[in-house]
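All remarks here apply to the structure that follows.
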Amino acid sequence: GSFGVVLECIPDELAKEITQVLDIPTIGIGAGQQCDGQIQVFHDLLGLSNTPAPKHALQYESLYNRMLRGVKAYMADIKKS
């Protein structure tokens with residue numbers, strides 16, 4: 001048996017229909033708000049990659065460049081010592 005199902009990148013209305021029919025929880029990733037739960041990838045949420053986030057991802061911060069500056073500053077200090 002199954003304890004849940006992940007619905008990825010499907011239309012909102014289809015996710016709603018599937019959620020209403022199934023007796024197990026549906027978890028959506030880019031499948032609208034009608035699922036029983038949502039997945040949000042942490043790396044997308046904080047912008048930890050230098051690649052564009054998927055269209056369904058919520059990105060609240062863009063930390064990639066800030067982290068890169070920090071690492072480069074650390075490397076410069078190490079090279080000086």
Side-chain angles (χ1 to χ4, degrees):
S2 297
F3 61 88
V5 64
V6 174
L7 305 176
E8 185 171 358
C9 295
I10 65 170
D12 189 51
E13 282 302 312
L14 180 57
K16 179 180 180 180
E17 187 176 332
I18 293 169
T19 299
Q20 290 173 342
V21 170
L22 293 179
D23 292 329
I24 57 176
T26 59
I27 307 299
I29 179 167
Q33 299 297 316
Q34 301 301 320
C35 295
D36 296 309
Q38 298 291 320
I39 294 172
Q40 188 56 240
V41 177
F42 183 76
H43 289 68
D44 295 338
L45 183 80
L46 295 179
L48 298 180
S49 174
N50 66 341
T51 59
K55 66 179 182 176
H56 60 272
L58 300 175
Q59 188 171 355
Y60 292 93
E61 187 61 71
S62 181
L63 298 179
Y64 176 82
N65 289 327
R66 291 174 65 184
M67 292 186 310
L68 187 59
R69 282 192 306 270
V71 170
K72 285 181 177 182
Y74 169 75
M75 289 171 53
D77 283 349
I78 294 301
K79 288 177 182 180
K80 288 179 193 175
S81 51

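Rounding to the nearest 0.5 Å places NZ of K79 at 11.5 Å from CG of D77. The structure places NZ of K72 at 9.0 Å from CG of N65, a figure rounded to the nearest 0.5 Å.
Between N50 and Y64 there is a side-chain heavy-atom pair separated by less than 4.5 Å. E8 is listed as a side-chain neighbour of I29, based on a closest heavy-atom distance under 4.5 Å. Two residues are said to be in side-chain contact when any heavy atoms from C-beta on lie closer than 4.5 Å; I39 and V6 meet this criterion. The side-chain heavy atoms of I27 and C35, taken from C-beta on, include no pair separated by under 4.5 Å.
Both L14 and L22 belong to a single network of hydrophobic side chains, linked directly or stepwise wherever heavy atoms of I, L, V, M, F, W or Y lie under 4.5 Å apart. No continuous path of ILVMFWY side-chain contacts below 4.5 Å connects V41 to Y60, so the two sit in separate hydrophobic clusters.
The backbone N or O of T51 lies less than 3.5 Å from a partner atom in the side chain of S49, making a donor-acceptor pair. Using a distance-only test at 3.5 Å, with no hydrogens or angles considered, no donor-acceptor pair links the side chain of E61 to the main chain of L63.
Heavy-atom contacts from other residues, nucleotides or ligands closer than 6.0 Å to CD of E17 number 12 or fewer.
Considering all non-hydrogen atoms of both residues, Q40 and L58 come closest at OE1-N, 3.1 Å. Taking all atoms of both residues into account, the shortest heavy-atom contact from T19 to L7 is OG1-CD1, 4.4 Å. Here the shortest heavy-atom pairing between D44 and Q59 reads O-CG, 3.2 Å.
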